[in-house]
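Notes follow once the structure below has been shown.
Lettering follows sequence order; numbering is per chain, from 1. Just so you know, these numbers come straight off a predicted model, no measurement behind them. Worth knowing before you read on, the calculation uses all heavy atoms, side chains too, and leaves out hydrogens, waters and symmetry mates.
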Amino acid sequence: MKTDDLKLNQIRLAKKVILRGIKKRVRFIAGVDVAVARECLVGCIGIFSFPELKLVEYVKATAPDSMPYVPGFLSYREIPVLIKCYKKIRNKPDLMLVDGQGIAHPRALGLASHLGVLLNTPTIGCAKSRLYGEFVDPNNPRGSCELLRVGDETIGLVLRTRDKTKPLFISPGHLVDFEDCRKYVLSSASRYRIPEPIRFAHKTAGEEARRFNV
DNA sequence: GCGACAG
DNA sequence: ATCTTGTCGC
């Protein structure tokens, strides 16, 4: 499919994104990530208890490498395998932390937002680098935060999760607000820069992808 | 035309 | 993202 059609689809789906605070208490928080093998993609979703952050369950799935990575269209590449993973989960999480952007995207539909809308579940985008928006560097102590913005509009947060390390680019995916983003990302990333649920999913998907290559 | 560009 | 050991800095 052409990127022009994908763009129109992103704009259509972005209208379905809802930004509002999570009302229900979060008991299960998940980390979502995808690794690339030679011939396929490997997805992993790890479900953790909150706020204890103990692993409760995890699922893996594989899917064909159908589309290359194109900046701005990452979700079309990674969503199929993630939908497959989600269906396998027994304890559906109250919130999912996704490796990528939420609404901090040229058409307001990063991977986390796209996934949240399709699954109708709360998601937060946790990216290691910027895709869209302007910002000034947050101060050095952990917890320091700056706004990621486009003109007058705020599209995300640049949050320092560890002293003197590169900040994370956080943005609402779906069914959460900016305050939730700050709160849940900071409370799930204390020992390392990356939130624990995402670190787990990253490591697990990577190990599985490595096996496929052997 | 020239840079920027999640994973 | 991925290829990869030691190593510089806090």
Practice item. Under 4.5 Å between side-chain heavy atoms, chaining through other members, with only Ile, Leu, Val, Met, Phe, Trp and Tyr counted: pull out the rest of the cluster around A:Val59, sorted by chain and number. Key: A:Phe28, A:Val32, A:Val34, A:Val36, A:Leu41, A:Ile45, A:Ile47, A:Val56, A:Tyr69, A:Leu74, A:Ile79, A:Val81, A:Leu82, A:Ile83, A:Tyr86, A:Ile89, A:Met96, A:Val98, A:Leu111, A:Leu115, A:Leu118, A:Leu119

**Study point:** Lys/Arg-Asp/Glu bridge criterion (N-O < 4.0 Å) met for A:Arg199, A:Glu196
**Key:** yes

Exercise for review: Quick one: the dot-bracket string of DNA chain B, using Watson-Crick and G-U wobble pairs with both distances under 3.5 Å, [ ] for crossing pairs and | for bases paired to another strand.
Suggested key: .......

Exercise for review: Using a 4.0 Å cut-off on protein heavy atoms (strictly under), produce a 5'-to-3' string for nucleotides 1-7 of chain B with B for base contact, S for backbone-only sugar-phosphate contact, and - for none.
Suggested key: ---SBBB

Practice item. Return the set of residues passing side chain to side chain contact (heavy atoms under 4.5 Å, CB included) with A:Glu52 (not counting sequence neighbours), or none when no residue passes. Key: A:Ser49, A:Lys54

Study note, to complete from the structure: When every non-hydrogen atom of A:Thr161 is compared with those of A:Tyr192, the smallest separation belongs to OG1-O, 4.4 Å

Check your understanding: Do A:Lys88 side-chain atoms and A:Lys60 backbone N/O form a donor-acceptor pair below 3.5 Å?
Key -> yes

Check your understanding: Can you tell me if A:Thr204 uses its side chain to pair, donor with acceptor, with the backbone of A:Ala201 under 3.5 Å?
Key -> no

Practice item. Enumerate, in order of first residue number, the stems that involve DNA chain C, defined as 3 or more consecutive Watson-Crick or G-U wobble pairs with both distances under 3.5 Å. Key: none

Review point. How long is the span from the OG atom in A:Ser66 to the OH atom in A:Tyr76, to the nearest 0.5 Å?
Key: 12.5 Å

**Study point:** Footprint string (nucleotides 3-10 of chain C, 5' to 3'): B base within contact, S backbone only, - free, heavy atoms under 4.0 Å
**Key:** -------S

Check your understanding: Side chain of A:Ser188, backbone of A:Pro195: donor and acceptor closer than 3.5 Å?
Key -> no

**Study point:** A:Arg38 with A:Asp65: basic N within carboxylate O range, under 4.0 Å
**Key:** no

Check your understanding: Quick one: does A:Arg162's side chain have a donor or acceptor within less than 3.5 Å of a partner on A:Arg193's backbone?
Key -> no

Point to revise | Rounded distance in Å - CD (A:Glu207) to P (C:dT2) | key: 12 Å

Exercise for review: Would you indicate what A:Ala209 reaches in the nucleic acid, counting non-hydrogen atoms under 4.0 angstrom: base, sugar-phosphate, or nothing?
Suggested key: nothing

Check your understanding: Can a donor-acceptor pair be found between the side chains of A:Asn213 and A:Arg210 at a distance below 3.5 Å?
Key -> no

Practice item. Describe the nucleic acid contact of A:His114 in one word from base, sugar-phosphate, nothing, applying a heavy-atom distance below 4.0 Å. Key: nothing

**Study point:** Sidechain N-carboxylate O distance under 4.0 Å for A:Arg160, A:Asp137
**Key:** no

Point to revise | A:His105 side chain to A:Gly72 backbone, donor-acceptor under 3.5 Å | key: yes

